[in-house]
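Okay, structure first, notes after.
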Amino acid sequence: MTAAPKTVQNDYKVKDITLADWGRKEITLAEIEMPGLMATRAEYGKAQPLKGARIAGCLHMTIQTAVLIETLQALGAEVRWSSCNIFSTQDHAAAAIAAKGTPVFAWKGMDETEYDWCIEQTIHGPGGWVPNMILDDGGDLTVIMHSKYPELMKNVKGISEETTTGVLRLYEMEKNGKLACPAINVNDSVTKSKFDNKYGCRESCVDAIRRATDVMMAGKVAMVCGFGDVGKGSAESLRHAGCRVMVSEVDPICALQAAMEGFEVVTMEDAAPRADIFVTATGNKDIITMDHMRRMKDRAIVCNIGHFDNEIDTQSLRNLKWHNIKPQVDEIEFPDGKRILLLAEGRLVNLGCATGHPSFVMSASFTNQTLAQIELWNNHAKYDKKVYVLPKALDEKVAALHLEKLGVKMTKLSKDQASYLGVSEAGPFKSDQYRY
């Protein structure tokens, strides 16, 4: 690993600040495709509901994230930002944000030491700046704040968490009595998990594999490990591309869903010698092992669309011979001469090898993030040190903000119909127990 960079005079660290103009042009395009965030700016901008909030953010530094950052700022917040993945930063997005004066510390291809250094820069800023709010994706910032800076956590009003892995960490901290402030689980808003996780992966999974390998998808056999929302979207993505798709699952309900959708449900042991493409989507560890990879075909493609890099046993692969094809695409040579293609070193393939989810679906996720930050900043006193989800009324509001862009015309309930269903004419239209 290289040494961590020294703090530069300017309060940011990006790969190339001259990319800012390109980044700004793409941010402008993304704003058109992110109606939820733009409507949130219009609705709340005058009230400045985040005035006084000092948000430390750790989330993929993409063009879409740039729109989120500038939305938080438009509502009054001060922001310092790092990426939650060493390969996911879009350097022109980071440059565009830095050029406008936002302290951002992120670049594509950083190492682990640099990654930790970047997070540290978001915790301490000039003039004694420290955060009083956390916006996280995966939980790394949250863990560092709790373990290294417990005294700073006393002033943090709340945490909003983006993804499944980070949410699991939060619930574990709550269970162990270690959560120092209230947190909102953004991931389990319906307009996040059923949209970002499913529909986002439905577009970005195959997009990443194609950009990385240029492989013909049609006719190939693909294996998707996990059939949660991410796995559902990934399996659909591969099937729509013409692959014959197999799925593995530990949950009998998800396994039954996969079978009812027409997917063959098998184990990794069954799939290892059969599949041409492997995608892990479980949020768990040790999903594809060295034993599995030894049994794979020559030039099998292996990648992960779950949050961390431990779904695939990349550490054991380090003992083999690596041939780098291009950034984030490596051939791993086994002693017998067989090779497999590993994408993004086992990290998020859609952000490592492509540009992540489309702006429109990220607008739904990030509108949830913005509303969560507003709620925690303004109403933190009414919450205990527990993990919460946004109320269904706000979930429906996020969905409603995106309908006009798609030309959707909603049906309205009559008073009599609403009374028959036992709901308000204006919603919410489903009970909290309803599963979409």
Side-chain angles (χ1 to χ4, degrees), residues 29-47 49 64 67-68 71 75 160 162 164 184-205 227-237 239-240 253-254 256-258 260-262 357-375 379 388-436:
L29 286 177
E31 288 175 347
I32 299 167
E33 277 287 294
M34 303 187 83
L37 285 182
M38 302 311 287
T40 303
R41 292 186 197 181
E43 180 175 347
Y44 294 102
K46 287 184 179 179
Q64 293 73 33
V67 182
L68 168 62
T71 299
L75 304 187
S160 61
E162 175 79 3
T164 306
I184 289 182
N185 162 9
V186 168
N187 181 71
D188 288 327
S189 293
V190 177
T191 45
K192 198 282 182 182
S193 62
K194 297 296 181 184
F195 289 79
D196 174 325
N197 295 10
K198 182 179 180 180
Y199 302 125
C201 291
R202 193 171 70 182
E203 300 215 8
S204 66
C205 178
F227 201 69
D229 289 318
V230 171
K232 287 178 172 70
S234 299
E236 285 188 38
S237 182
R239 178 160 65 183
H240 291 169
I253 296 175
C254 292
L256 183 59
Q257 284 181 312
M260 298 289 278
E261 289 287 342
H357 296 338
S359 296
F360 188 82
V361 79
M362 293 314 301
S363 179
S365 293
F366 289 166
T367 303
N368 277 292
Q369 277 283 11
T370 303
L371 294 176
Q373 288 283 316
I374 292 171
E375 176 65 17
N379 300 308
Y388 299 85
V389 293
L390 285 169
K392 187 171 290 291
L394 289 179
D395 219 344
E396 290 184 357
K397 177 175 181 175
V398 171
L401 290 174
H402 292 83
L403 296 179
E404 184 179 354
K405 177 72 176 177
L406 300 177
V408 172
K409 292 184 177 180
M410 291 284 291
T411 300
K412 294 186 183 297
L413 288 178
S414 69
K415 184 180 292 186
D416 198 38
Q417 287 174 320
S419 176
Y420 181 79
L421 292 174
V423 300
S424 164
E425 293 173 64
F429 298 98
K430 301 289 191 295
S431 70
D432 288 337
Q433 289 73 38
Y434 183 83
R435 291 180 174 86
Y436 291 83

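Scanning for side chain to side chain donor-acceptor pair (under 3.5 Å) contacts around Gln373 gives Ser160, with sequence neighbours left out. With sequence neighbours excluded, no residue forms a salt bridge (Lys or Arg N to Asp or Glu O under 4.0 Å) with Lys430. Shown here are the side chain to side chain contact (heavy atoms under 4.5 Å, CB included) partners of Leu256, two or more places apart in sequence or in another chain: Met260. Remark: Lys192 engages Asp196 in a salt bridge (Lys or Arg N to Asp or Glu O under 4.0 Å) (not counting sequence neighbours). Not counting sequence neighbours, Phe429 has no partner by the ring-ring contact (aromatic ring centres under 6.0 Å, His included) test. Remark: Thr40 engages no residue in a side chain to side chain donor-acceptor pair (under 3.5 Å) (not counting sequence neighbours). Under the ring-ring contact (aromatic ring centres under 6.0 Å, His included) criterion, Tyr44 pairs with no residue at all, not counting sequence neighbours. Partners of Glu203 under the salt bridge (Lys or Arg N to Asp or Glu O under 4.0 Å) rule, at least two apart in sequence or in another chain, do not exist in this structure.
Nearest heavy-atom pair across Leu401 and Ala39 is CD2-CB, 3.7 Å. Looking at every heavy atom in both residues, Cys201 comes nearest to Val230 through SG-CG1, 3.7 Å. In terms of heavy atoms, Ala372 sits closest to Leu390 at CA-CD2, 4.1 Å.
Taken from CZ in Arg239 to OG in Ser234, the straight-line distance is 13.0 Å, to the nearest 0.5 Å. Atoms CD and SG, from Glu261 and Cys254 in turn, are 11.5 Å apart once rounded to the nearest 0.5 Å. Taken from CD in Glu162 to OG in Ser189, the straight-line distance is 9.5 Å, to the nearest 0.5 Å. In this structure, NZ in Lys232 is found 10.5 Å from OG in Ser193, a value given to the nearest 0.5 Å. With values rounded to the nearest 0.5 angstrom, Thr71 atom OG1 is found 12.0 Å from Gln369 atom CD. Rounding to the nearest 0.5 Å places CG of Leu371 at 5.5 Å from CG of Leu394.
The side-chain heavy atoms of Val389 and Asp432, taken from C-beta on, include no pair separated by under 4.5 Å. Under the 4.5 Å side-chain criterion, counting only non-hydrogen atoms from C-beta, Glu236 is not in contact with Tyr199. The shortest distance between side-chain heavy atoms of Ile374 and Thr370 falls below 4.5 Å.
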Tell me which donor-acceptor pairs under 3.5 Å the side chains of residues 415-428 have, and how far apart each pair is, sequence neighbours excluded?
{"residue": "Gln417", "atom": "OE1", "partner": "Ser414", "partner atom": "N", "Å": "2.9"}
{"residue": "Gln417", "atom": "OE1", "partner": "Ser414", "partner atom": "OG", "Å": "3.4"}
{"residue": "Ser424", "atom": "OG", "partner": "Ala426", "partner atom": "N", "Å": "3.1"}

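Just one of Arg435, Arg202, Lys194 meets the salt bridge (Lys or Arg N to Asp or Glu O under 4.0 Å) condition when paired with Asp229; it is Lys194.
In this structure, the side chain of Thr367 engages the main chain of Ser363 through a donor-acceptor pair within 3.5 Å.
Other residues, nucleotides and ligands contribute only 12 or fewer heavy atoms inside 6.0 Å of the CD1 atom of Ile253.
Identified under the salt bridge (charged side-chain N to carboxylate O under 4.0 Å, His left out) test for residues 390-407, with sequence neighbours left out: Glu33-Lys405, Glu43-Lys397. For residues 362-375, the salt bridge (charged side-chain N to carboxylate O under 4.0 Å, His left out) pairs, not counting sequence neighbours, are Glu375-Lys382. Screening residues 397-416 for ring pair (Phe, Tyr, Trp, His ring centres under 6.0 Å), with sequence neighbours left out, gives Phe360-His402.
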Between Gln64 and Met34, is a side-chain contact (heavy atoms from CB on, under 4.5 Å) present by the stated rule, with each step listed?
-> CA-CA 8 Å; Gln64 293 73 33; Met34 303 187 83; 3.9 Å; yes
